[in-house]
Visitor: 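Can you read through this structure? Questions will come right after.
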Amino acid sequence: MADTQSQSNNPDELYRIRHSAAHIMAAAILEMFPDAKLAIGPPIKDGFYYDFDLPRPISTDDFGQLEGRMTQLIKQDVPFEHEEWPKAKAREFFKDQPYKLELIEGIEDETVSIYKSGPLVDLCAGPHVESSSACENFKLLKVAGAYWRGDENKPMLQRIYGTAWSTKKELKHYLHTLEEAKRRDHRKMGKQLELFGFHEMSPGSIFWKPRGWTAYRQLKNYFREIEAEQGYEEICNPSFYHEDLFEQSGHLEHYKDSMFTMDVHGQTYCLKPMNCPDTMLYFKSKKRSYRELPLRVAEFGHLHRNELPGALGGATRVRQFVQDDAHIFLTKEQIFDEIGMLLEMIDATYGLFGMEYEVEISTRPDDFMGAVELWDEAEEGLKEAMKEAGKPFTINEGDGAFYGPKIDFQVLDCLGRSWQCATIQLDFQLPLRFELGYTGADNEEKTPIVIHRAIAGSLERFFAILVEHLAGVFPTWMAPVQAMVVPITDEQNDYAWDVADTFKKAGIRVEVDQRSEKMGYKIHEAETRKIPYMLVVGGREEEAGTVALRTYREGRRGTVPVEEVRDEIVDLIKNRTLDVDVEISALATQGEGDTGKDMAERGY
RNA sequence: GCCCUCAUAGCUCAGUGGUAGAGCACUUCCAUGGUAAGGAAGGGGUCAUCGGUUCAAAUCCGAUUGAGGGCUCCA
């Protein structure tokens with residue numbers, strides 16, 4: 001997506017440049033390590049990689065030499081020449097290249113496609129640039145391990161990632177965006193702003209500090225509020241269940257490895273990895289009528305998933321988290337309206353933070369369960385609701401879960417990275433597994449459909465995405481401290497507390513910095529903490545019952561009566577105004593999701 | 001779980017065989033200063049943990065734990 005937004009070229013050209021840059025890197029690697037075994041080297045989103053089997057581990061310290069050799073090849077402007085070889089010839093040529101041999105065996109045609117570029121002869125479907133000078137705007141980025149063919153039972157190769165662009169300006173911009181992403185990394189901001197931390201006594205779990213927890217609670221309250229407005233009821237179930245619950249839901253058989261289990265008096269109990277099964281118990285806790293549908297049940301349950309140690313990372317991949325989860329029990333006739341409501345909620349939520357999003361609908365897979373007519377009707381309901389909402393969407397045919405079709409939402413942050421957050425999944429199976437029923441108008445027992453939905457997904461992860469999107473600058477309604485009163489000298493401390501009192505009574509989170517420091521020092525610290533409102537009070541302000549207002553966003557705003565500032569902040573909170581500057585970058589960086597797997601399949 | 005890298009004060013980091021340093025933060029004192037850091041003094045580290053090599057280890061080697069970048073996974 002980034003590619004199409006760059007000014008001067010089309011995606012196809014960038015694809016060629018990156019694919020060719022990968023080849024040039026392979027040529028340079030062969031110069032450095034003549035015994036290197038080459039695997040594959042495809043272009044990916046924003047760059048390229050090549051997988052190698054090398055005699056020793058390579059590190060970023062080797063990049064200088066490697067980039068130097070690449071630059072030499074590029075300066076020589078070697079042409080990329082395409083040839084078609086009979087398989088036999090290719091087998092002979094690549095006899096010392098086991099990975100290439102394996103690839104050749106996988107090709108069905110009688111001939112294989114070969115590209116020559118300077119010293120490198122590579123098995124490759126192409127396409128490439130005319131000659132190597134087109135790849136001059138490149139940079140190597142990182143090394144990583146990667147399994148051959150992505151299979152954990154196959155050998156671990158060394159992957160070198162790089163980026164390449166058609167102009168120096170684009171390369172520079174991209175590298176700058178990477179820097180920016182690093183600068184606003186939620187782990188860094190979380191530490192700097194004292195929002196949250198981690199501790200090795202509980203790897204993969206977030207330790208919320210007062211400031212972060214305050215902001216987090218505002219976010220959670222927002223979800224509570226919109227859910228209450230839309231007729232949801234909230235429950236709170238245990239975290240800890242006998243394994244039979246997950247036996248019944250079907251989770252145990254597929255996801256046992258990801259669940260924390262323990263022995264309790266000879267019985268096996270598990271920490272719940274999701275809220276669905278226990279919400280089913282709630283539905284079944286009494287006799288239900290069609291009059292209750294759609295029944296919307298929210299639960300902010302604490303979920304635990306036993307992620308592999310190597311898979312943990314910051315707040316985005318944790319072992320313990322909370323989802324803004326809800327389950328809606330309804331009839332198939334109610335799907336259309338319900339989806340419409342959800343789309344509005346999702347739109348409103350992302351709008352709060354100035355985030356864009358893309359939508360994908362996934363339809364019936366081959367191994368589906370349930371009645372075809374039910375699937376067809378449900379999918380139609382989803383599509384109609386999307387059209388009604390006027391939102392463009394793409395369809396992933398056959399990509400739905402076996403239990404029902406789904407809509408996924410990809411949020412785009414201000415650096416152009418995309419994150420899978422909201423999801424709406426229809427489920428025809430869980431109600432059957434739990435033998436859910438309600439009494440219809442005709443006094444017959446019927447089975448409801450369940451919608452699983454989340455808007456933020458994991459609140460922890462969504463919070464982290466927000467921190468990076470906003471660069472740690474929360475809108476006033478979410479800010480841990482919304483206003484800091486700064487008395488100029490100790491003389492004004494009493495007045496400062498009076499001002500703070502006025503704010504507190506209006507529900508504003510306010511603090512007084514009454515340390516005997518110079519006001520410049522206090523302002524500096526308030527700015528560093530990104531506190532939206534700074535209220536300086538000196539002798540003049542005390543006399544007049546005013547404050548000298550300074551905001552994080554606008555700087556000095558002059559003298560304003562206390563009540564006026566109070567009302568302004570109250571307004572921002574009530575409306576949840578986005579009073580921060582969110583600069584949207586045109587260029588994307590590497591977000592999650594698109595690791596180039598699909599491209600790797602296209603052109604080796 | 002697998003590959004690579006990393007771990008020194010609360011934070012950011014210097015210190016590559018000879019008994020541990022800086023800046024910020026913290027404490028105390030001076031200064032009461034009008035919009036992004038006033039000055040001085042002081043406290044604080046079994047150099048992640050365990051083991052090995054060595055006369056001597058923060059420094060070299062191994063293991064463990066945790067973190068980072070990827071791979072696999074992500075209901």
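Chain letters run A, B, ... following the sequence lines, proteins first, then strands; residues in each count from 1. Keep in mind that the numbers below use all heavy atoms, side chains included, and drop hydrogens, waters and symmetry copies.
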Visitor: How do Arg187(A) and Pro487(A) order along RNA chain B: which one's closest nucleotide is nearer the 5' end?
Guide: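 With Arg187(A) and Pro487(A) compared, the 5'-side residue is Pro487(A).
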
Visitor: Closest heavy-atom contact between Leu140(A) and Glu67(A)?
Guide: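 Looking at all heavy atoms of both residues, the shortest contact is N-OE2, 2.9 Å.
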
Visitor: Can you name the side-chain contact (heavy atoms from CB on, under 4.5 Å) partners of Met201(A), sequence neighbours left out?
Guide: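 Expected list: His199(A).
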
Visitor: Return the pairing partner of U35(B) with a 3.5 Å limit on both distances, Watson-Crick or G-U wobble; otherwise return none.
Guide: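 U35(B) is paired with nothing.
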
Visitor: What does Pro203(A) touch in the nucleic acid at a heavy-atom separation under 4.0 angstrom: a base, only the sugar-phosphate, or nothing?
Guide: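 Contact class for Pro203(A): sugar-phosphate only.
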
Visitor: Using a 4.0 Å heavy-atom cut-off, does Ser258(A) contact any base of the nucleic acid, only the sugar-phosphate backbone, or nothing at all?
Guide: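 Ser258(A): base contact, heavy atoms under 4.0 Å.
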
Visitor: I want to verify a distance call: between G68(B), G1(B), G70(B), whose nearest atom is closest to the Tyr147(A) side chain?
Guide: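 In terms of side-chain proximity for Tyr147(A), the closest of G68(B), G1(B), G70(B) is G1(B).
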
Visitor: Just to verify, what does His327(A) make a ring pair (Phe, Tyr, Trp, His ring centres under 6.0 Å) with, not counting sequence neighbours?
Guide: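 Once residues adjacent in sequence are excluded, the partners of His327(A) under the ring pair (Phe, Tyr, Trp, His ring centres under 6.0 Å) criterion are His452(A).
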
Visitor: So, using salt bridge (Lys or Arg N to Asp or Glu O under 4.0 Å) as the criterion, who are the partners of Glu491(A) when residues are at least two apart?
Guide: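 With neighbours one apart ignored, the set is empty.
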
Visitor: Could you tell me which residues satisfy ring pair (Phe, Tyr, Trp, His ring centres under 6.0 Å) with Phe300(A), sequence neighbours excluded, listed by chain and number?
Guide: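 Residues passing ring pair (Phe, Tyr, Trp, His ring centres under 6.0 Å) with Phe300(A): none at all.
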
Visitor: If you look at every strand shown and take non-hydrogen atoms under 4.0 Å, does Phe246(A) touch a base, only sugar-phosphate, or nothing?
Guide: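 Phe246(A): no heavy atom of the nucleic acid under 4.0 Å.
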
Visitor: Using a strict heavy-atom distance below 4.0 Å, which residues from residues 536-548 of chain A are in contact with RNA chain B?
Guide: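 Output list: Val536(A), Gly538(A), Gly539(A), Arg540(A), Glu541(A), Ala548(A).
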
Visitor: Between C11(B) and G62(B), how many Å separate the two C1' atoms, rounded to a whole number?
Guide: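 Result for the C1' pair: 32 Å, nearest Å.
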
Visitor: Strictly by Watson-Crick or wobble contacts shorter than 3.5 Å, is anything paired with A22(B), and which nucleotide is it?
Guide: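 With both distances under 3.5 Å, A22(B) matches U12(B).
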
Visitor: Could you tell me which nucleotide pairs with C73(B) by Watson-Crick or G-U wobble geometry, both distances under 3.5 Å, or answer none if nothing does?
Guide: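 Across any shown strand, C73(B) pairs with none.
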
Visitor: Without decimals, in angstroms, what is the distance between Leu193(A) CG and G10(B) P?
Guide: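 So the two atoms are 20 Å apart, to the nearest Å.
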
Visitor: Could you tell me the Watson-Crick or G-U partner of G45(B), where both distances fall under 3.5 Å? Say none if there is no partner.
Guide: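 Per the H-bond distance test, none.
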
Visitor: Any donor-acceptor pair, under 3.5 Å, between the side chain of Arg461(A) and the base of C74(B), if you only look at N and O atoms?
Guide: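 When only heavy-atom distances are counted, Arg461(A) does not reach the base of C74(B) through any donor-acceptor pair under 3.5 Å.
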
Visitor: Using whole Å, report how far CZ of Arg319(A) lies from C1' of C74(B).
Guide: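 One finds 14 Å between C1' of C74(B) and CZ of Arg319(A), rounded.
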
Visitor: Quick one: look up who A67(B) pairs with, Watson-Crick or G-U, both distances under 3.5 Å, and put none if it's unpaired.
Guide: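 Result: U5(B).
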
Visitor: Using the P atom as the reference point in each nucleotide, state the distance between G21(B) and G42(B) in Å, no decimals.
Guide: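 These two P atoms come out 14 Å apart once rounded.
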
Visitor: For Gly204(A) and for Tyr403(A), find the nucleotide of RNA chain B with the closest heavy atom, then tell me which residue's nucleotide is more 5'.
Guide: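 Going by which nucleotide is closer to the 5' end, it is Gly204(A).
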
Visitor: Counting the atoms with a prime plus P, OP1 and OP2 as sugar-phosphate, which does Lys522(A) contact under 4.0 Å by heavy atoms, base, sugar-phosphate, or nothing?
Guide: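 Contact class for Lys522(A): none.
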
Visitor: Applying salt bridge (Lys or Arg N to Asp or Glu O under 4.0 Å) as the test, list every pair that has at least one member in residues 311-322 of chain A; sequence neighbours left out.
Guide: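 For residues 311-322 of chain A, and leaving out neighbouring residues, the salt bridge (Lys or Arg N to Asp or Glu O under 4.0 Å) pairs sorted by first residue read Glu307(A)-Arg317(A).
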
Visitor: Base, backbone or nothing for each nucleotide of nucleotides 36-50 of chain B, written B, S, -, heavy atoms under 4.0 angstrom, 5' to 3'?
Guide: BBB------------

Visitor: Rounded off to whole Å, could you give me the NZ-to-P distance for the Lys182(A) and G69(B) pair?
Guide: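 Rounded to whole Å, this separation is 11 Å.
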
Visitor: Please output the side-chain donor-acceptor pairs of residues 530-544 of chain A that fall under 3.5 Å, not counting sequence neighbours, one pair per line with the distance.
Guide:
from: Tyr533(A); atom 1: OH; to: Glu568(A); atom 2: OE2; distance (Å): 2.4
from: Glu541(A); atom 1: OE1; to: Gly538(A); atom 2: N; distance (Å): 2.9

Visitor: So which nucleotide from C4(B), A75(B), A67(B) ends up closest to the side chain of Leu312(A)?
Guide: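 Comparing C4(B), A75(B), A67(B) against the side chain of Leu312(A), the answer is A67(B).
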
Visitor: Of the residues in residues 297-311 of chain A, which ones touch RNA chain B at a heavy-atom distance under 4.0 Å?
Guide: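 Result for residues 297-311 of chain A: Arg305(A), Leu308(A), Pro309(A), Gly310(A), Ala311(A), sorted by number.
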
Visitor: With sequence neighbours excluded, what pairs up with Glu564(A) under the side-chain contact (heavy atoms from CB on, under 4.5 Å) test?
Guide: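 Glu564(A) satisfies side-chain contact (heavy atoms from CB on, under 4.5 Å) with Val560(A), Pro561(A) once adjacent residues are dropped.
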
Visitor: Roughly how far apart, to the nearest Å, are C13(B) and A56(B) at atom P?
Guide: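 Roughly 34 Å separates the two P atoms.
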
Visitor: Once you round it to whole Å, what is the distance between P of G68(B) and CZ of Phe198(A)?
Guide: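 One finds 7 Å between P of G68(B) and CZ of Phe198(A), rounded.
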
Visitor: Does the ring center of Phe428(A) lie less than 6.0 Å from the ring center of Trp375(A)?
Guide: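 Here the rings of Trp375(A) and Phe428(A) have centres that are less than 6.0 Å from each other.
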
Visitor: Restricting to ring pair (Phe, Tyr, Trp, His ring centres under 6.0 Å), what partner residues turn up for Phe329(A), sequence neighbours left out?
Guide: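 Applying ring pair (Phe, Tyr, Trp, His ring centres under 6.0 Å) to Phe329(A) gives Phe283(A).
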
Visitor: Do the side chains of Arg417(A) and Glu468(A) get close enough for a salt bridge, i.e. N-O under 4.0 angstrom?
Guide: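 So Arg417(A) pairs with Glu468(A) through a salt bridge.
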
Visitor: Can you tell me how far P in G23(B) sits from the matching atom in A9(B), rounded to whole Å?
Guide: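 Taking atom P in both G23(B) and A9(B), they lie 16 Å apart.
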
Visitor: Indicate whether OP1 or OP2 belonging to U35(B) is found under 4.0 Å from a side-chain N or O atom of Tyr533(A).
Guide: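 For Tyr533(A), the contact criterion (side-chain N or O under 4.0 Å from OP1 or OP2 of U35(B)) is not met.
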
Visitor: Angle between ring planes, Phe474(A) versus Phe463(A), binned at 30° and 60°: parallel, tilted or perpendicular?
Guide: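 Phe474(A) vs Phe463(A) ring planes: tilted.
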
Visitor: Return the value, rounded to whole Å, for the distance between atom NE2 of His186(A) and atom C1' of A67(B).
Guide: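 For the pair His186(A) NE2 and A67(B) C1', the rounded distance is 12 Å.
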
Visitor: If I pick the C1' atom on C26(B) and the same atom on U35(B), what distance separates them, to the nearest angstrom?
Guide: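 Straight-line distance between the two C1' atoms is 26 Å.
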
Visitor: In whole angstrom, give me the gap between the C1' atoms of U72(B) and G10(B).
Guide: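 Rounded to whole Å, the distance is 37 Å.
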
Visitor: Where the side chain of Ala144(A) is concerned, which of C74(B), G69(B), A75(B) is the nearest nucleotide?
Guide: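 The answer is G69(B), which lies nearest to the side chain.
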
Visitor: Using the C1' atom on both, measure U19(B) against C61(B) and round to a whole Å.
Guide: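 One C1' to the other, the span is 22 Å.
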
Visitor: Using the C1' atoms only, state how far A57(B) lies from C50(B), rounded to an integer number of Å.
Guide: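 About 15 Å, rounded to a whole number of Å.
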
Visitor: Would you call the rings of Tyr50(A) and His23(A) parallel, tilted or perpendicular, taking 30° and 60° as the class edges?
Guide: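 Ring orientation, 0 to 90° scale: perpendicular.
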
Visitor: For G70(B), take OP1 and OP2 only and decide whether either is under 4.0 Å from a side-chain N or O of Arg159(A).
Guide: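 No, outside the criterion.
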
Visitor: Who passes ring pair (Phe, Tyr, Trp, His ring centres under 6.0 Å) against His242(A), sequence neighbours left out?
Guide: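 Expected list: Tyr269(A).
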
Visitor: Rounded to whole Å, please give me the gap between CZ in Phe260(A) and P in C74(B).
Guide: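 Checked: the CZ to P distance equals 17 Å.
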
